[in-house]
Amino acid sequence: VTPILKEGPILSTRDDILPGIRKAGVGLVNLANNHILDHGEEGLYNTLRSCKEAGVQWIGAGSDLKSAWNVTVQRIRDSRIAFMGLAEHEFSIATNKTGGACPLDLIDYVRKVQSEEFTWDYLVVLLHGGNEFYPYPSPRLQKVCRFLVEQGAHAVICQHSHVPGCYEKYRNSIIVYGQGNLLFNKTELPHPDWHKGFLVTLSPESSSSLKAEFVPYYQSN
(Lines give C-alpha, C1' and ligand atoms only; values in the text may rest on other atoms or scores of the structure.)
Protein backbone atom coordinates (compact mmCIF):
# COMPACT_ATOMS: atom_id res chain seq x y z
CA VAL A 1 0.00 0.00 0.00
CA THR A 2 1.47 3.35 -1.04
CA PRO A 3 1.20 6.24 1.45
CA ILE A 4 -0.59 9.33 0.24
CA LEU A 5 1.16 12.69 -0.16
CA LYS A 6 0.31 14.82 2.86
CA GLU A 7 1.67 17.06 5.57
CA GLY A 8 2.50 15.49 8.92
CA PRO A 9 3.23 11.90 9.95
CA ILE A 10 1.93 8.86 8.09
CA LEU A 11 0.76 6.13 10.45
CA SER A 12 0.22 2.39 10.08
CA THR A 13 0.61 -0.81 12.05
CA ARG A 14 0.40 -4.56 11.48
CA ASP A 15 -3.06 -6.02 11.15
CA ASP A 16 -2.15 -8.99 13.35
CA ILE A 17 -2.48 -6.78 16.44
CA LEU A 18 -6.26 -6.98 16.13
CA PRO A 19 -6.70 -10.48 17.59
CA GLY A 20 -4.82 -9.27 20.66
CA ILE A 21 -7.04 -6.22 20.92
CA ARG A 22 -10.10 -8.47 20.65
CA LYS A 23 -8.77 -10.83 23.36
CA ALA A 24 -8.30 -7.80 25.60
CA GLY A 25 -12.06 -7.29 25.50
CA VAL A 26 -12.32 -4.55 22.89
CA GLY A 27 -15.28 -5.34 20.64
CA LEU A 28 -15.86 -1.96 18.98
CA VAL A 29 -13.42 0.66 17.65
CA ASN A 30 -13.84 4.16 16.28
CA LEU A 31 -12.09 4.67 12.93
CA ALA A 32 -13.06 8.33 12.51
CA ASN A 33 -9.68 10.04 12.64
CA ASN A 34 -7.32 12.13 10.55
CA HIS A 35 -5.02 9.19 9.64
CA ILE A 36 -7.51 6.61 8.34
CA LEU A 37 -6.59 7.45 4.72
CA ASP A 38 -2.83 7.75 5.24
CA HIS A 39 -2.49 4.76 2.90
CA GLY A 40 -5.40 5.65 0.65
CA GLU A 41 -8.65 3.77 0.26
CA GLU A 42 -6.73 0.50 -0.12
CA GLY A 43 -5.37 0.98 3.39
CA LEU A 44 -8.85 1.79 4.69
CA TYR A 45 -10.36 -1.32 3.14
CA ASN A 46 -7.55 -3.47 4.55
CA THR A 47 -8.34 -2.06 8.00
CA LEU A 48 -12.05 -2.84 7.61
CA ARG A 49 -11.28 -6.40 6.43
CA SER A 50 -8.88 -6.97 9.30
CA CYS A 51 -11.43 -5.75 11.86
CA LYS A 52 -14.08 -8.04 10.40
CA GLU A 53 -11.77 -11.06 10.43
CA ALA A 54 -10.83 -10.39 14.07
CA GLY A 55 -14.46 -9.98 15.13
CA VAL A 56 -14.04 -6.29 15.98
CA GLN A 57 -16.90 -3.98 15.02
CA TRP A 58 -16.25 -0.41 13.94
CA ILE A 59 -17.89 2.97 13.63
CA GLY A 60 -16.82 6.25 12.07
CA ALA A 61 -15.60 5.10 8.65
CA GLY A 62 -16.83 3.35 5.53
CA SER A 63 -16.57 2.91 1.79
CA ASP A 64 -18.56 6.11 1.22
CA LEU A 65 -20.24 8.89 3.19
CA LYS A 66 -23.45 6.95 3.78
CA SER A 67 -21.70 3.89 5.19
CA ALA A 68 -19.39 6.06 7.30
CA TRP A 69 -22.46 7.20 9.27
CA ASN A 70 -22.77 3.67 10.67
CA VAL A 71 -24.12 4.21 14.17
CA THR A 72 -23.92 0.98 16.16
CA VAL A 73 -26.41 0.16 18.91
CA GLN A 74 -25.24 -2.31 21.56
CA ARG A 75 -27.55 -3.83 24.13
CA ILE A 76 -25.65 -3.71 27.41
CA ARG A 77 -27.56 -5.22 30.30
CA ASP A 78 -30.99 -3.59 30.03
CA SER A 79 -29.94 -0.53 28.01
CA ARG A 80 -29.53 0.20 24.31
CA ILE A 81 -26.28 2.18 23.93
CA ALA A 82 -25.60 3.84 20.56
CA PHE A 83 -22.04 4.68 19.49
CA MET A 84 -21.24 7.29 16.82
CA GLY A 85 -17.78 8.22 15.51
CA LEU A 86 -17.05 11.67 14.03
CA ALA A 87 -13.85 13.40 12.90
CA GLU A 88 -12.87 16.98 12.26
CA HIS A 89 -12.09 17.69 8.62
CA GLU A 90 -8.49 17.02 7.59
CA PHE A 91 -7.14 14.53 5.03
CA SER A 92 -9.46 11.65 5.76
CA ILE A 93 -13.13 12.51 5.18
CA ALA A 94 -15.43 10.21 3.19
CA THR A 95 -17.45 11.55 0.25
CA ASN A 96 -20.47 10.29 -1.64
CA LYS A 97 -18.13 8.32 -3.93
CA THR A 98 -15.00 7.63 -1.87
CA GLY A 99 -14.25 5.97 1.44
CA GLY A 100 -12.95 7.63 4.57
CA ALA A 101 -13.89 8.95 8.00
CA CYS A 102 -17.30 10.18 9.06
CA PRO A 103 -17.16 14.00 9.12
CA LEU A 104 -18.16 16.28 11.93
CA ASP A 105 -21.16 17.78 10.13
CA LEU A 106 -23.62 19.28 12.59
CA ILE A 107 -26.55 19.35 10.15
CA ASP A 108 -26.13 15.67 9.25
CA TYR A 109 -25.66 14.86 12.96
CA VAL A 110 -28.97 16.47 13.91
CA ARG A 111 -30.78 14.70 11.08
CA LYS A 112 -29.24 11.36 12.09
CA VAL A 113 -30.28 11.75 15.72
CA GLN A 114 -33.80 12.89 14.86
CA SER A 115 -34.34 9.95 12.50
CA GLU A 116 -32.83 7.18 14.67
CA GLU A 117 -33.03 8.22 18.34
CA PHE A 118 -35.98 5.87 18.87
CA THR A 119 -33.54 2.94 18.42
CA TRP A 120 -31.41 3.76 21.50
CA ASP A 121 -31.65 4.78 25.15
CA TYR A 122 -28.28 6.54 25.31
CA LEU A 123 -25.98 8.04 22.67
CA VAL A 124 -22.19 8.12 23.05
CA VAL A 125 -20.33 10.28 20.52
CA LEU A 126 -16.61 9.62 19.99
CA LEU A 127 -15.21 12.79 18.46
CA HIS A 128 -11.72 12.98 16.96
CA GLY A 129 -10.81 16.63 17.39
CA GLY A 130 -8.93 19.17 19.43
CA ASN A 131 -5.43 20.64 19.62
CA GLU A 132 -2.44 18.34 19.98
CA PHE A 133 -0.63 18.39 23.35
CA TYR A 134 -3.21 20.79 24.82
CA PRO A 135 -5.42 19.45 27.65
CA TYR A 136 -8.21 22.02 27.30
CA PRO A 137 -10.85 22.59 24.61
CA SER A 138 -10.79 25.63 22.39
CA PRO A 139 -13.93 27.81 22.71
CA ARG A 140 -15.03 26.43 19.34
CA LEU A 141 -14.61 22.78 20.37
CA GLN A 142 -16.46 23.36 23.63
CA LYS A 143 -19.30 25.03 21.73
CA VAL A 144 -19.50 22.10 19.30
CA CYS A 145 -19.44 19.43 22.03
CA ARG A 146 -22.12 21.22 24.03
CA PHE A 147 -24.26 21.43 20.90
CA LEU A 148 -23.88 17.66 20.38
CA VAL A 149 -25.24 17.24 23.90
CA GLU A 150 -28.07 19.70 23.32
CA GLN A 151 -29.11 17.67 20.28
CA GLY A 152 -29.15 14.29 21.99
CA ALA A 153 -25.72 12.99 23.07
CA HIS A 154 -25.46 11.61 26.60
CA ALA A 155 -21.65 11.50 26.46
CA VAL A 156 -19.08 13.10 24.15
CA ILE A 157 -15.56 11.67 24.36
CA CYS A 158 -12.80 13.47 22.43
CA GLN A 159 -9.54 12.02 21.17
CA HIS A 160 -6.65 13.54 19.15
CA SER A 161 -4.81 15.70 21.69
CA HIS A 162 -2.44 12.80 22.65
CA VAL A 163 -2.40 13.98 26.29
CA PRO A 164 -4.87 13.57 29.16
CA GLY A 165 -7.49 16.30 29.03
CA CYS A 166 -10.21 17.76 31.20
CA TYR A 167 -13.96 17.12 31.42
CA GLU A 168 -17.19 18.84 32.28
CA LYS A 169 -20.75 17.94 33.14
CA TYR A 170 -23.19 19.72 30.83
CA ARG A 171 -26.97 19.29 30.96
CA ASN A 172 -26.57 15.98 32.82
CA SER A 173 -24.19 14.71 30.13
CA ILE A 174 -20.44 14.16 30.32
CA ILE A 175 -17.95 15.76 27.91
CA VAL A 176 -14.31 14.60 28.00
CA TYR A 177 -11.80 16.76 26.14
CA GLY A 178 -9.04 14.24 25.46
CA GLN A 179 -8.11 10.88 26.98
CA GLY A 180 -4.44 10.64 26.03
CA ASN A 181 -2.82 7.68 24.27
CA LEU A 182 -3.63 4.09 25.19
CA LEU A 183 -1.22 2.35 22.79
CA PHE A 184 1.14 4.52 20.77
CA ASN A 185 4.74 3.41 20.39
CA LYS A 186 7.35 6.11 19.85
CA THR A 187 11.07 6.06 20.59
CA GLU A 188 11.29 9.85 20.86
CA LEU A 189 8.42 11.23 22.89
CA PRO A 190 7.02 14.52 21.54
CA HIS A 191 5.47 15.32 24.93
CA PRO A 192 6.24 14.23 28.53
CA ASP A 193 2.65 12.98 28.96
CA TRP A 194 2.67 10.94 25.72
CA HIS A 195 2.24 7.61 27.55
CA LYS A 196 -0.34 8.83 30.08
CA GLY A 197 -4.10 8.66 29.78
CA PHE A 198 -7.34 7.40 31.27
CA LEU A 199 -10.23 5.16 30.36
CA VAL A 200 -13.80 6.39 30.76
CA THR A 201 -16.25 3.93 32.31
CA LEU A 202 -19.87 4.81 31.56
CA SER A 203 -22.92 3.35 33.28
CA PRO A 204 -26.60 4.36 33.37
CA GLU A 205 -27.26 6.71 36.26
CA SER A 206 -30.88 7.51 35.41
CA SER A 207 -33.22 7.16 32.47
CA SER A 208 -31.58 10.18 30.83
CA SER A 209 -27.97 10.35 32.03
CA LEU A 210 -24.78 8.29 32.17
CA LYS A 211 -22.41 8.18 35.13
CA ALA A 212 -18.71 8.51 34.27
CA GLU A 213 -15.76 7.11 36.18
CA PHE A 214 -12.10 7.52 35.17
CA VAL A 215 -9.39 4.84 35.19
CA PRO A 216 -5.89 6.32 34.82
CA TYR A 217 -3.12 4.32 33.14
CA TYR A 218 0.47 4.60 32.04
CA GLN A 219 1.69 2.84 28.90
CA SER A 220 4.72 0.74 29.84
CA ASN A 221 7.36 -1.00 27.74
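Side-chain atoms are counted along with the backbone in the values below, which use heavy atoms only and exclude waters and symmetry mates.
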Exercise for review: Take Asn172 and Glu205, measure what side-chain hydrogen bond (donor to acceptor under 3.5 Å, both in side chains) needs, and give me the verdict at the end.
Suggested key: CA-CA 10 Å; Asn172 290 324; Glu205 188 172 39; over 6 Å; no
Review point. With no hydrogens and no angle check, is any side-chain donor or acceptor of Ser92 less than 3.5 Å from a backbone partner on Ala32?
Key: no
Point to revise | Aromatic plane relationship, His162 with Phe184 - under 30° parallel, 30 to 60° tilted, over 60° perpendicular | key: perpendicular
Review point. Between CG of Asn33 and CG of Leu86, what distance do you get to the nearest 0.5 Å?
Key: 12.5 Å
Review point. Could you walk me through whether Gln151 and Gln114 pass the side-chain hydrogen bond (donor to acceptor under 3.5 Å, both in side chains) check?
Key: CA-CA 9 Å; Gln151 299 302 314; Gln114 289 180 345; 5.0 Å; no
Point to revise | Side chain Asn131, main chain Tyr134, donor-acceptor under 3.5 Å | key: no
Practice item. Could you grab the distance from atom NZ of Lys52 to atom CG of Leu18, nearest 0.5 Å is fine? Key: 14.5 Å
Exercise for review: Using the rule that two of Ile, Leu, Val, Met, Phe, Trp, Tyr join whenever any of their side-chain heavy atoms come within less than 4.5 Å, decide whether Val156 and Leu104 are in one cluster.
Suggested key: yes
Check your understanding: Are Phe147 and Leu127 linked, directly or through other ILVMFWY residues, by side chains that come within less than 4.5 angstrom of each other?
Key -> yes
Review point. Would you call the rings of His154 and Tyr122 parallel, tilted or perpendicular if under 30° counts as parallel and over 60° as perpendicular?
Key: perpendicular
Review point. Rounded to the nearest 0.5 Å, how far does CG of Asn70 lie from CD of Gln57?
Key: 9.5 Å
Exercise for review: Spell out, yes or no, whether Val110 and Phe83 are grouped together once hydrophobic residues are joined by side-chain heavy atoms under 4.5 Å, including indirect joins.
Suggested key: no
Check your understanding: Going hydrophobic residue to hydrophobic residue with side-chain gaps under 4.5 angstrom, can you get from Ile175 over to Leu126?
Key -> no
**Study point:** Same cluster (ILVMFWY, side-chain, under 4.5 Å), Leu31 and Val26
**Key:** yes
Point to revise | Candidate pair Asn34 and His128, rule side-chain hydrogen bond (donor to acceptor under 3.5 Å, both in side chains), full reasoning | key: CA-CA 8 Å; Asn34 57 305; His128 198 85; 2.9 Å; yes
**Study point:** Criterion ring-ring contact (aromatic ring centres under 6.0 Å, His included) against Phe198, the qualifying member of Tyr217, Phe214, Tyr218
**Key:** Phe214
Review point. Any donor-acceptor pair under 3.5 Å linking the side chain of Arg80 with the backbone of Phe118?
Key: yes
Practice item. Check the pair Tyr177 / Glu168 against side-chain hydrogen bond (donor to acceptor under 3.5 Å, both in side chains), numbers first and verdict last. Key: CA-CA 8 Å; Tyr177 297 105; Glu168 67 171 326; 2.6 Å; yes
Practice item. List the steps and the verdict of side-chain contact (heavy atoms from CB on, under 4.5 Å) for Ser161 and Phe133. Key: CA-CA 5 Å; Ser161 63; Phe133 315 131; over 6 Å; no
Exercise for review: Report the distance from atom CG of Asp108 to atom CZ of Arg111, rounding to the nearest 0.5 Å.
Suggested key: 6.0 Å
Check your understanding: About how many Å separate CG of Asp121 and CG of Leu123, when rounded to the nearest 0.5 Å?
Key -> 11.5 Å
Review point. What pair of heavy atoms forms the shortest contact from Asn181 to Trp194, and how long is it?
Key: ND2-O, 3.0 Å
Check your understanding: Does Leu11 offer a backbone N or O that forms a donor-acceptor pair with the side chain of Asp38 under 3.5 Å?
Key -> yes
**Study point:** side chain to side chain donor-acceptor pair (under 3.5 Å) pairs, two or more places apart, involving residues 97-107
**Key:** Thr95-Thr98
Point to revise | Criterion side-chain contact (heavy atoms from CB on, under 4.5 Å) on Val71 and Lys112, from CA distance to verdict | key: CA-CA 9 Å; Val71 176; Lys112 187 76 171 178; 3.6 Å; yes
Point to revise | Tyr109 (side chain) donor-acceptor with Leu148 (main chain) under 3.5 angstrom | key: yes
